[in-house]
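What follows is a single structure, written as structure tokens, with notes after it.
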Amino acid sequence: QLQLMESGGGLVLPGGSLRLSCVASGSLFSMYDMQWHRQPPGQQRELVASIRYDGITFVADSVKDRFAISRDNDKKMVDLQMDRVKPEDTAIYYCKAVPGQMLGGGSWWWGQGTQVTVSS
């Protein structure tokens, strides 16, 4: 099992930058696909970006060319670099671990979330 803890959220001006981090405790971190999701107020949760156990990445069109996802397996950490943020990026951001194909299935794990507010 994994426990996930997000950090780095806060208040940022439109056009600014923010870096979110998710640190995992537990075993087999390197064999999990890692994802960032967000839930704007009053809206459904959506996938923002993902990075597979083998390093292949996906970024949603809504944040393409502004956000980037990365991971460091030695530190058991996945980051979301947010640049040129917009008010519509305001949301609670969640880290999620999904068993990679080498694990052949299993439970997924969510962090507690961190609030990002983009406002003047």
Q: Measure the shortest side-chain to side-chain distance between M82 and L20 over non-hydrogen atoms and say whether it is less than 4.5 angstrom.
A: yes

Q. How long is the gap from OG on S30 to CG on D74, to the nearest 0.5 Å?
A. 9.5 Å

(Q) So which atom in V116 and which in G9 form the shortest heavy-atom distance, rounded to 0.1 Å? (A) CG2-CA, 4.2 Å

Q: Determine which pairs satisfy side chain to side chain donor-acceptor pair (under 3.5 Å) with at least one residue from residues 33-43, sequence neighbours left out, and list them in order.
A: Q35-H37, R38-E46, R38-D89, R38-Y93, Q39-R45

**Q.** Any side-chain heavy-atom pair of L47 and F58 under 4.5 Å
**A.** yes

Q | For N73, side-chain hydrogen bond (donor to acceptor under 3.5 Å, both in side chains) partners two or more places apart | A | R71

Q | Atom pair CH2 (W109) and CG (L4), whose distance is rounded to the nearest 0.5 Å | A | 9.0 Å

Q. Okay, side chain of Q3, backbone of S25: is any donor-acceptor separation there less than 3.5 Å?
A. no

Q) Between atom OG1 of T117 and atom CG of L18, what is the distance when rounded to the nearest 0.5 Å? A) 10.0 Å

Q: Find out if a path of hydrophobic residues (ILVMFWY) with successive side-chain heavy-atom gaps under 4.5 Å connects L2 to M102.
A: yes

Q.
Is the shortest side-chain heavy-atom distance between T114 and I92 below 4.5 Å?
A. no

Q: Kindly compute the distance separating CE (M31) from CD (Q101), expressed to the nearest 0.5 Å.
A: 10.0 Å

Q: Check whether the side chains of Q112 and Y94 place a donor and an acceptor atom closer than 3.5 Å, and report yes or no.
A: no

Q) Shortest non-hydrogen contact from S17 to V12? A) O-CG2, 3.8 Å

Q | K76 (side chain) donor-acceptor with G26 (main chain) under 3.5 angstrom | A | yes

Q: Before giving the answer on side-chain hydrogen bond (donor to acceptor under 3.5 Å, both in side chains), spell out for S21 and D79 the whole-Å C-alpha distance, their side-chain angles and the decisive distance to 0.1 Å.
A: CA-CA 4 Å; S21 294; D79 286 356; 2.9 Å; yes

Q | Path from I51 to V23 over hydrophobic side-chain contacts below 4.5 Å | A | no

Q. Can you check whether S120 reaches P14 side chain to side chain, under 4.5 Å on heavy atoms?
A. yes

Q. If you round to the nearest 0.5 Å, how far is SG of C22 from CD1 of I69?
A. 9.5 Å

(Q) Quick one, M34 and Y53 - any side-chain contact, counting heavy atoms below 4.5 Å? (A) no

Q. Is it true that atom CH2 of W108 has more than 12 heavy atoms of other residues, nucleotides or ligands lying nearer than 6.0 Å?
A. no

**Q.** V78 side chain reached by S70 side chain, heavy atoms, under 4.5 Å
**A.** no

Q | Backbone N/O of V118 and side chain of T90: donor-acceptor pair under 3.5 Å | A | yes

**Q.** Test item: D83 and F67 side chains (from C-beta on) under 4.5 Å apart, heavy atoms
**A.** no

Q: Heavy atoms only: give me the nearest F29-A24 pair and the separation to one decimal.
A: CD1-CB, 3.5 Å

